[in-house]
S.K.: 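Got a structure here, written out as structure tokens. Questions coming.
One-based numbering along the sequence shown.
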Amino acid sequence: MVSQALFRACSRIVVATYGRFPLFGELRSSIAVLRRGERYLLQQRADGLGWAFPGGMSWFWETEEQTLRREVKEETGLEITRLRREFVYHDRHYLPSRIAVFACEASGEPRGSWEGEPRWMPLPPREAFFAAQLSILDRVRDMRFPL
């Protein structure tokens, strides 16, 4: 798919340049943990960086919640119906980031985007996961993340 190839190229360019020259400092992101029974909504990232929870970077004017709602809608087509901020952490795997993590409920059926294809699935092995979200994966696995 052309759009996923474009996402892969854009992602790699941003990581290569902003990771070395963080002109605006730490970037803000919001991530959603959506669960149905023993399955979580995850997507195989189109940039080849592994499985990830939906979410992404904020525009400068957005709140954490606005970012969360926009990114989940863009990536999965789902509408957030309930959310609760669980924790915030800092990461430097790819970009200097401040990441807000939310436990969420959503309505609708997931659909793919240029960033990847969402699926309800059990948590994958740690080595298959997006490195910048390993802190979330570890908390969910260790049951330190109430849902």
S.K.: Does some side-chain heavy atom of Leu137 sit less than 4.5 Å from a side-chain heavy atom of Phe130?
M.R.: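 The answer is no; the side chains never approach within 4.5 Å.
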S.K.: Run the side chain to side chain contact (heavy atoms under 4.5 Å, CB included) test against Trp59 and tell me which residues pass, sequence neighbours left out.
M.R.: Trp61, Glu62, Arg70
S.K.: Does Phe53 reach the side chain of Leu42, with side-chain heavy atoms less than 4.5 Å apart?
M.R.: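 Side chain of Phe53 against side chain of Leu42, heavy atoms only: contact under 4.5 Å found.
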S.K.: Using atom types as modelled and distance alone, determine if a side-chain donor or acceptor of Ser30 lies under 3.5 Å from a backbone N or O of Glu65.
M.R.: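 No; zero donor-acceptor contacts below 3.5 Å.
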S.K.: Could you go through the side chain to side chain contact (heavy atoms under 4.5 Å, CB included) check for Leu95 and Met57 one step at a time?
M.R.: CA-CA 11 Å; Leu95 305 169; Met57 288 192 295; 4.2 Å; yes
S.K.: If I take atom OG1 from residue Thr76 and atom CD from residue Glu117, how far apart are they, to the nearest 0.5 angstrom?
M.R.: 11.5 Å
S.K.: To the nearest 0.5 Å, tell me how far Arg85 CZ sits from Phe102 CZ.
M.R.: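 Here the interatomic distance stands at 6.0 Å.
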S.K.: My understanding is that only residues two or more places apart in sequence, or in another chain, count here; which of them pass side-chain hydrogen bond (donor to acceptor under 3.5 Å, both in side chains) with Arg39?
M.R.: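 None.
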S.K.: Taking all non-hydrogen atoms of both residues into account, name the closest pair between Val88 and Glu64 and its distance.
M.R.: CG2-OE2, 4.3 Å
S.K.: Can you see which heavy atom on Leu78 is nearest to which on Ala106, and at what distance?
M.R.: CB-CB, 3.9 Å
S.K.: Do the non-hydrogen side-chain atoms of Val101 and Gln133 ever get within less than 4.5 Å of each other?
M.R.: no
S.K.: Do the side chains of Glu115 and Arg45 get nearer than 4.5 Å, heavy atoms only?
M.R.: no
S.K.: Do the non-hydrogen side-chain atoms of Val72 and Leu41 ever get within less than 4.5 Å of each other?
M.R.: no
S.K.: Does Gln44 have any side-chain hydrogen bond (donor to acceptor under 3.5 Å, both in side chains) partners at least two apart in sequence or in another chain, and if so, which?
M.R.: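 Testing Gln44 for side-chain hydrogen bond (donor to acceptor under 3.5 Å, both in side chains), a comparison that skips the adjacent residues, returns Trp51.
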S.K.: Under a 4.5 Å cut-off applied to non-hydrogen side-chain atoms, are Ile136 and Phe129 in contact?
M.R.: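 Answer no - side chains too far apart.
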S.K.: If you measure from CD on Glu105 to CZ on Arg35, what distance do you get to the nearest 0.5 Å?
M.R.: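 If we round to the nearest 0.5 Å, Glu105:CD and Arg35:CZ are 11.5 Å apart.
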S.K.: What are the two closest heavy atoms between Cys104 and Leu68, and how far apart are they?
M.R.: SG-CD2, 3.6 Å
S.K.: Scan Pro54, Pro118, Pro110 and name whichever one has a side-chain contact (heavy atoms from CB on, under 4.5 Å) with Glu75.
M.R.: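 One option only clears the test, and that one is Pro54.
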S.K.: Any Lys/Arg nitrogen of Glu86 or Arg84 sitting under 4.0 Å from an Asp/Glu carboxylate oxygen of the other?
M.R.: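 Salt bridge: yes.
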S.K.: For residues Ser58 and Thr67, report the shortest heavy-atom separation together with the two atoms involved.
M.R.: OG-OG1, 2.8 Å
S.K.: Can you measure from OG (Ser113) to CD (Glu71) and round to the nearest 0.5 angstrom?
M.R.: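 So the gap between those two atoms works out to 9.0 Å.
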S.K.: In Å and rounded to the nearest 0.5 Å, what is the CG to CG distance from Leu27 to Asp91?
M.R.: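 One finds 11.5 Å between CG of Leu27 and CG of Asp91.
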S.K.: How long is the span from the CD1 atom in Ile31 to the OG atom in Ser97, to the nearest 0.5 Å?
M.R.: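 One finds 9.0 Å between CD1 of Ile31 and OG of Ser97.
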